Amino acid sequence: MRGQTHCSTLSREPQPQRSRRAAGNGAQTPAPRQPPPCRACGGREGEPRPPRPAPPRPGSIARLGRPKMAAAAALTREGGEDAFRRLFRFYRQRDVSDLRGVVDFSAPGGQVFRSQLSISSVSDQDAYRAGLQPVSQWKAYGLNGYPGFIFIPNPFLPGCQRHWVKQCLKLYPQKPNVCNLDLHMAPEKTIDLWGQSKEQLRRKGSSKREPRSLLEKLRWVTLGYHYNWDTKKYSANHHTPFPSDLAFLSEQVAAACGFRGFQAQAGILNYYHFDSSLGIHVDESELDHSRPLLSFSFGQSSIFLLGGRKREEAPTAMFMHSGDIMVMSGLSRLLYHAVPRVLPNPEGTAVPSCLDQALPSDLPVGSVIEHSSDEDWQVCAKYLQSSRINMTIRQVLAEGQKFPEDSDTNGKGQAPSEDSHHEENSRGKRHKPNTVS
């Protein structure tokens, strides 16, 4: 019974195949091995779900500096479960209402400090072309104990978030880019997800029993160098052109954070709903870790957990709202992180007010931002009423660097693993990859 077992919210680790020995000549078939414990809760199939973790004291985790995080990790261990997993499970609960321990960058305090940006690295004109305010008007923050982590609350110009939402729903899922639906559907069925979904989305009511459109079944899209979920590698032969508008946006944000010359070479777009989460993982498959990981969020809000180099270190929880940008660089580039929960935006409106603003009629010369028709935006807005979109952009190779000769060459990636994908009602960054229903 899915609703009664310990694995009803988080997918289980795949079970290893049992080897079979010949029964003849005195050889005996070994007794069946027990299924491995669930990575989410430590239980096994058929066993009752263990009790929910006790909540951390408000603020005891999220506002601790890294020197105190080891002690916090000890406080959050239970039954051999690592500190990160326990906090993940706590915030994953639907009935958690005490979120006072979650860092809110709209009202910074505690371990939050103002971070300096490289204002001269991005001209006001280039910022406008990318749909951004001048860098001098941005607010940027860091966290004590997390060198290289930068949080930029919504620096987008009014109406410009709409462009990126529309691109993520209408343009970026198109071929030759790769999405999760390609693993389960014939190629001709995934050519135009937008065209097959827009009328259904526009008419969609509030009933959960209504069939989902293909866009609502979209979980991830890869751009540029396409990540292979099987081998956890990129390869030279599985590459398609990276979107020029998204590359320009990424270059401006990276330059403002002190990374001039950043090249947007790979992107992973994640599509969340209110029952989705992102498993605990480290982004380490890129060959060049000296360049930052950029993250852009649109739509509903979420809780983001940022931990340490080991899962025994208790993570810091923070809110991410529509338009927020996060940069992981330096010592923070290879830290464990996760998204345990997607939340309604704090304004309590169908979509955040920053998305209600339309683009101005006069865009600057050379702008990568395009106007959306009212019809297109109605579809996007309907989708965002229960969803969040996240774009993560990476530089895979350093200047002049090449893939090793033994790099994966088989093209398509297969199923995402727990530590890199969405989790949604035990569908597998984590959805169970072999289902789309």
Side-chain angles (χ1 to χ4, degrees), residues 91-100 102-108 131-133 137-139 151-170 194 197-210 212-213 215-216 218 269-278 295-304 317-326 339-361 369 371-391 422 424:
Y91 285 115
R92 180 83 173 109
Q93 297 173 46
R94 299 293 104 189
D95 55 355
V96 171
S97 58
D98 186 355
L99 301 177
R100 288 176 292 173
V102 182
V103 173
D104 189 348
F105 288 96
S106 64
L132 299 165
Q133 302 173 32
Q137 297 179 21
W138 298 7
K139 293 180 180 178
F151 194 101
I152 305 170
N154 185 13
F156 289 92
L157 290 167
C160 289
Q161 288 188 52
R162 289 188 174 192
H163 170 83
W164 303 109
V165 171
K166 184 193 71 174
Q167 298 295 81
C168 287
L169 292 176
K170 185 176 182 178
W194 174 269
S197 304
K198 61 181 181 180
E199 289 304 323
Q200 186 178 348
L201 268 173
R202 190 181 290 111
R203 296 191 306 266
K204 191 175 181 65
S206 58
S207 173
K208 293 184 179 180
R209 295 189 176 184
E210 292 186 53
R212 293 184 302 156
S213 65
L215 276 179
E216 292 171 294
L218 192 61
L269 315 181
N270 282 307
Y271 300 81
Y272 300 80
H273 306 300
F274 281 132
D275 54 356
S276 303
S277 63
L278 179 70
S295 171
F296 303 85
S297 293
F298 305 105
Q300 301 299 330
S301 300
S302 69
I303 295 175
F304 179 81
M318 62 196 79
F319 289 115
M320 292 192 72
H321 303 303
S322 190
D324 290 348
I325 299 174
M326 195 173 60
V339 177
R341 189 174 172 189
V342 176
L343 302 165
N345 73 85
E347 299 167 293
T349 52
V351 296
S353 59
C354 57
L355 289 166
D356 279 335
Q357 301 166 307
L359 273 174
S361 57
I369 304 298
H371 285 96
S372 299
S373 68
D374 291 341
E375 179 184 4
D376 281 357
W377 181 246
Q378 287 174 8
V379 176
C380 293
K382 195 74 173 183
Y383 177 89
L384 290 180
Q385 287 181 9
S386 60
S387 304
R388 168 183 180 256
I389 299 173
N390 178 253
M391 312 186 301
H422 281 313
E424 182 185 10

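No experiment lies behind these values; they were computed from the predicted model shown. Residues: numbered from 1 along the sequence shown.
- Atom NE2 of residue H273 and atom CG of residue L218 lie 8.0 Å apart, to the nearest 0.5 angstrom.
- At a threshold of 4.5 Å between non-hydrogen side-chain atoms, the residues I369 and W164 count as touching.
- The closest donor-acceptor contact from the side chain of Q133 to the backbone of L157 lies at 3.5 Å or more, if one exists at all.
- Of the inter-residue distances, the one linking H163 atom NE2 with Q167 atom CD reads 4.0 Å to the nearest 0.5 angstrom.
- Shortest non-hydrogen contact noted between D324 and P153 is OD1-CA, 3.3 Å.
- For the pair F156 and F298, the minimum side-chain heavy-atom distance is below 4.5 Å.
- Taking the centre of each ring, Y91 and F304 stay at or above the 6.0 Å mark.
- Here OG of S322 is found 8.0 Å from CG of N345. Values are rounded to the nearest 0.5 Å.
- Using a distance-only test at 3.5 Å, with no hydrogens or angles considered, a donor-acceptor pair links the side chain of R162 to the main chain of D356.
- The side-chain heavy atoms of I389 and S297, taken from C-beta on, include no pair separated by under 4.5 Å.
- N270 contributes no side-chain N or O that, together with a main-chain N or O of Y272, makes up a donor-acceptor pair within less than 3.5 Å.
- Two residues are said to be in side-chain contact when any heavy atoms from C-beta on lie closer than 4.5 Å; F319 and I303 meet this criterion.
- Side chain of N390 to backbone of F296: a donor-acceptor contact under 3.5 angstrom is found.
- Side-chain contact check for Q200 and S197: no donor-acceptor pair (N or O, by modelled atom type) lies under 3.5 Å.
- The minimum heavy-atom distance linking K166 with S372 is given by the pair CD-OG, 3.4 Å.
- The shortest non-hydrogen separation linking S301 to H321 is OG-ND1, 2.7 Å.
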Distance-only donor-acceptor pairs under 3.5 Å for side chains of residues 375-385, two or more places apart:
{"residue": "E375", "atom": "OE2", "partner": "R202", "partner atom": "NH2", "Å": "3.3"}
{"residue": "D376", "atom": "OD2", "partner": "K170", "partner atom": "NZ", "Å": "2.8"}
{"residue": "K382", "atom": "NZ", "partner": "K204", "partner atom": "O", "Å": "2.9"}

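- Side-chain contact between R92 and S277 is present, with at least one heavy-atom pair separated by less than 4.5 Å.
- Rounding to the nearest 0.5 Å places CZ of F274 at 4.0 Å from CD of Q300.
- Residues meeting the side-chain contact (heavy atoms from CB on, under 4.5 Å) test with S302, sequence neighbours left out: M320, V339, R388.
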